[in-house]
Amino acid sequence: MTTNEPSRPRNFIRQIIDDDLAAGRHPGGIVTRFPPEPNGYLHIGHAKSICLNFGIARDYGGRCHLRMDDTNPSKEEQEYIESIQADVRWLGFDWGTHYYHAADYFDRLYEWAELLIRKGKAYVDDQTADQIRDTRGTLTEPGTPSPFRDRSVEENLDLFRRMRAGEFPDGSRVLRAKIDMAAPNVNLRDPVMYRIRRESHHRTGDAWLLYPMYDWAHGQSDAIEGITHSICTLEFEAHRPLYDWFLEQLELPHRPRQLEFARLNLTFTVMSKRMLNELVRERLVAGWDDPRLPTIAGLRRRGYTPESIREFADRIGVAKADSTVDMGLLETTIRDDLNTRVPRAMCVHQPLRVVLENFPEGEVREIEAPNFPDDPPKMGFRKVPFSRVVLIEREDFVEQPPKKFLRLSPGKEVRLRWGPVIRCDRVVQDEAGRVVELRCSLDPDTFTGPPRDGRKIGNAVHWVSEAHAVPVTLRLYDRLFTVPNPAARGEFKQHLNPGSLEILADARAERVVGQAKPGERYQFERRGYYFADPQDCRDGRLVFNRIVPLRDSWAKIVAKG
RNA sequence: UGGGGCGUAGCCAAGUUGGCAAGGCACGGGACUUUGGAUCCCGCCACCGCAGGUUCGAAUCCUGCCGCCCCAGCCA
């Protein structure tokens, strides 16, 4: 690229908007909307849409509305509305005063429905749901018209008003658009516009028992709000002719344009509301905000930042081809984000006692260590207490080291990060042969620099002073499923990863970590990025969620043999 | 032998009017390193779904074929 412009996400939708603008089509500016149905929690697929819609509004100096697509009283709940608002805000977007509900348009929609009836473009159908389905035809055969299709305008109006007044039982009649029962696009075979449902609506209460269908409500809602580009996912592409048809019949001055893009799929997880719902309901996860879930709430609880999710949305792009993004890309993105903004600290996950025999008992040496070694001034320093007994990671000691092993083993040396070089002199085992302690000696000249004799020390391992260690609980999260595409075939729950959560209750962190506030993040050196759980850090107990492990190239070498 | 979409490297994805294939991730190699982290270099043999055609020249235009996705809720 030879352009010096900061790379703006380019995609076919922005292309279309550019063209529209160039043609002078939107003098009032660009208006988009994010229209979730409040019947579940938002997930990262929604985040893609949110970033797209709000991102466009931001970049084109327009606005983006948040609209609850609440046309179905039986599935929607207040809890979801609140979570949706919280999630969009957390992602960093602001709808200003433009918060709406499709339900707020029920009156207008009703008036417009009467208008369609008067134009002879809609009729009341007395058939049962089964009859309607049976007469819709198939994908290859046309449907057959309802016997009620040609009622008079007067009769239709009368019936429709009585439907509204509650004279008929649920499901007994519907209002249908009169389009074409032989249309090759089945969505145009006289789609249902209204159904009767005696249910309280979370917003309109018992004011209505007539509820509009999505197709009838959506485009009109867009038109009412002055939406210029109504961006939705691919499965609505076949609905676009219907979307346009309603708008055309109503002869509204404002004509929003529907555009469709491919929804996000991610490997090793599921994104469908149904499956997510099942996992939560059956307690296979701890709730909608379980850190293993791809929900916004889950990612937030895990410790992901809104910046990383926005960056992820930019990296994956927007197109029309069905695609499944590698979970590794999300992980890389959060690592990149956290790398430069989170302080480092040491935390031993599974401690092994190391006694430094030539260091005086009772003496404590305060070591100054940079919080961000790549650029120390950026985050300053903290004091790390050092004493005769330290704890190191069990896996950093191996009695019979494989080739290329750079950590500790009998007779070998290793550096304690920011501390001295130590040599393993003796291994203490219990009756079962399990290593319980290492007796080591340190090289006092190496506290602040390399060995004077120039000998090379392979690696530095993290450690904590036993006497100063702060106990922490670590929750190591891993992918929720063991296969790349759990939703593919069969029962997705069969592929749940039994190791998706490992709890380490005996981890020990260095002193500074004891001051961590809920919601703070650290990079525990050589292990990964961690997040002090906002809810479970209580009564002085520290619980950290592993956001993502560090890249582990040693594991890769081992795996290759 | 319905309609609507989509097919560019293992995964995403740019490719405006045809001029002769961006970038990211992953992967491989190297440099550097008191995180086997980070960073920096280099590489990643692309029959642009396939086959024809038009053209001096096609991922881009034309024709035919193949594959995948969506649609037959009084769900959204």
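In this text, all values refer to a predicted model and were calculated from it rather than measured experimentally. Convention: sequence-line order gives letters A, B, ...; per-chain numbering from 1.
Distance NE2 (H239(A)) to P (G73(B)): 11 Å, rounded to an integer number of Å. Atom P of nucleotide C11(B) and atom CZ of F312(A) are separated by 16 Å, given to the nearest angstrom. The distance between atom CG of N39(A) and atom C1' of A76(B), rounded to the nearest whole Å, is 8 Å. Distance F268(A) CZ to C12(B) P: 13 Å, rounded to the nearest Å. Atom C1' of nucleotide A72(B) and atom CE of M181(A) are separated by 10 Å, given to the nearest angstrom. As a whole-Å value, the separation of R341(A) CZ from A38(B) P is 18 Å. Following rounding to the nearest Å, M193(A) (CE) and C75(B) (C1') show an atom-to-atom distance of 17 Å. The nearest whole Å value for the distance from the CD atom in E413(A) to the P atom in U34(B) is 15 Å.
Residue-level contact check: R551(A) touches the backbone only, with heavy atoms under 4.0 Å from sugar-phosphate atoms and none from bases. Using a 4.0 Å heavy-atom criterion, one finds that T340(A) contacts no nucleic acid atom at all. Within the nucleic acid shown, F447(A) comes within 4.0 Å of at least one base atom, counting heavy atoms only. Within the 4.0 angstrom heavy-atom criterion, base atoms lie near L406(A). Backbone-only engagement by L329(A) is indicated by non-hydrogen atom pairs under 4.0 Å involving sugar-phosphate atoms exclusively. Nucleic acid contact for M213(A): sugar-phosphate only, since backbone atoms but no base atoms lie under 4.0 Å from a heavy atom of the residue. At the heavy-atom level, F405(A) lies under 4.0 Å from base atoms of the strands shown. In this structure, V174(A) reaches the bases: a heavy-atom distance under 4.0 Å links it to at least one base atom across the strands shown. Across all strands, F236(A) comes closer than 4.0 Å to base atoms (heavy-atom distances).
Nucleotides U55(B) and G3(B), compared at atom C1', are 35 Å apart to the nearest Å. Nucleotides G52(B) and C69(B) are separated by 27 Å at their C1' atoms, to the nearest Å. When the P atom is used for both C44(B) and G5(B), the distance is 38 Å, rounded to whole Å. Using P as the reference atom, C47(B) and A59(B) are 12 Å apart when rounded to the nearest Å. When the P atom is used for both U54(B) and G67(B), the distance is 27 Å, rounded to whole Å. Distance check on atom P: G4(B) versus C12(B) gives 26 Å, rounded to whole Å. Taking atom P in both A76(B) and C40(B), the straight-line distance is 49 Å, to the nearest Å. As rounded to the nearest Å, G15(B) and U39(B) have C1' atoms that lie 31 Å from one another.
Ranked by how close their nearest RNA chain B nucleotide is to the 5' end, E141(A) and D552(A) are led by E141(A). Take the nearest nucleotide of RNA chain B for S323(A) and for D70(A): the residue whose nucleotide is more 5' is S323(A).
Ring pair Y214(A)/F236(A): centre-to-centre distance below 6.0 Å. Between W418(A) and F386(A), the distance from one ring center to the other does not fall under 6.0 angstrom. Between H201(A) and F106(A), the ring centre distance stays below 6.0 Å. When ring centroids are compared, F544(A) and F524(A) come within the 6.0 Å threshold. Ring to ring, F160(A) and Y110(A) are close: their centroids are under 6.0 angstrom apart.
Checking G37(B), C11(B), G5(B) against the side-chain heavy atoms of K320(A) singles out G5(B) as nearest. Of the listed nucleotides (G37(B), C74(B), C75(B)), C75(B) has the atom at the smallest distance from the side chain of E37(A). Candidate nucleotides C74(B), C25(B), A26(B) were compared by shortest atom distance to the side chain of R197(A), and C74(B) ranks first. Side-chain proximity of R240(A) to A76(B), G73(B), G5(B): nearest is G5(B). Residue R415(A) places its side chain closer to U34(B) than to any other of G73(B), U34(B), A13(B). Picking from U35(B), G2(B), C75(B) the nucleotide with the shortest atom distance to the side chain of T140(A) gives G2(B). Considering only the side chain of E525(A), U35(B) comes nearest among A13(B), U35(B), A72(B). Of the candidates U35(B), C75(B), A14(B), the closest approach to any side-chain atom of N72(A) belongs to C75(B).
Under 4.0 angstrom from either OP1 or OP2 of G2(B) there lies no side-chain N or O belonging to T138(A). Phosphate proximity of A38(B) to R344(A): absent, as no side-chain N or O sits under 4.0 Å from OP1 or OP2. Side-chain N/O atoms of K556(A) include one lying less than 4.0 angstrom from OP1 or OP2 on C27(B). Here T333(A) does not reach the OP1 or OP2 of C25(B): none of its side-chain N or O atoms lies under 4.0 Å away. OP1 or OP2 of A14(B) has not a single side-chain nitrogen or oxygen of R14(A) nearer than 4.0 Å. A sub-4.0 Å separation between OP1 or OP2 of U35(B) and a side-chain N or O of R417(A) is present. Note on R10(A): every side-chain N or O is 4.0 Å or more away from OP1 and OP2 of G24(B).
At a cut-off of 3.5 angstrom, counting only N and O atoms as typed in the model, there is no donor on one side facing an acceptor on the other between the side-chain of Q15(A) and the base of U16(B). For N187(A) against G3(B), a side-chain-to-base donor-acceptor contact under 3.5 Å is absent. Taking only distance into account, the side chain of R527(A) never meets the base of U35(B) through a donor-acceptor pair shorter than 3.5 Å. You won't find any donor-acceptor pair under 3.5 Å spanning the side chain of R526(A) and the base of U35(B), going by distance alone.
Taking each heavy atom of R198(A) and G166(A) in turn, the nearest pair found is NH1-O, 3.4 Å.
Classified by its glycosidic torsion, G4(B) falls in the anti category, the angle being over 90° from 0.
Partners of E260(A) by side-chain hydrogen bond (donor to acceptor under 3.5 Å, both in side chains), not counting sequence neighbours, listed by chain and number: R240(A), Q258(A).
Ring geometry for H349(A) versus H462(A): interplanar angle over 60°, hence perpendicular rather than tilted (30 to 60°).
For the salt bridge (charged side-chain N to carboxylate O under 4.0 Å, His left out) with R25(A), the qualifying choice from D20(A), D19(A), D18(A) is D20(A), the only one to do so.
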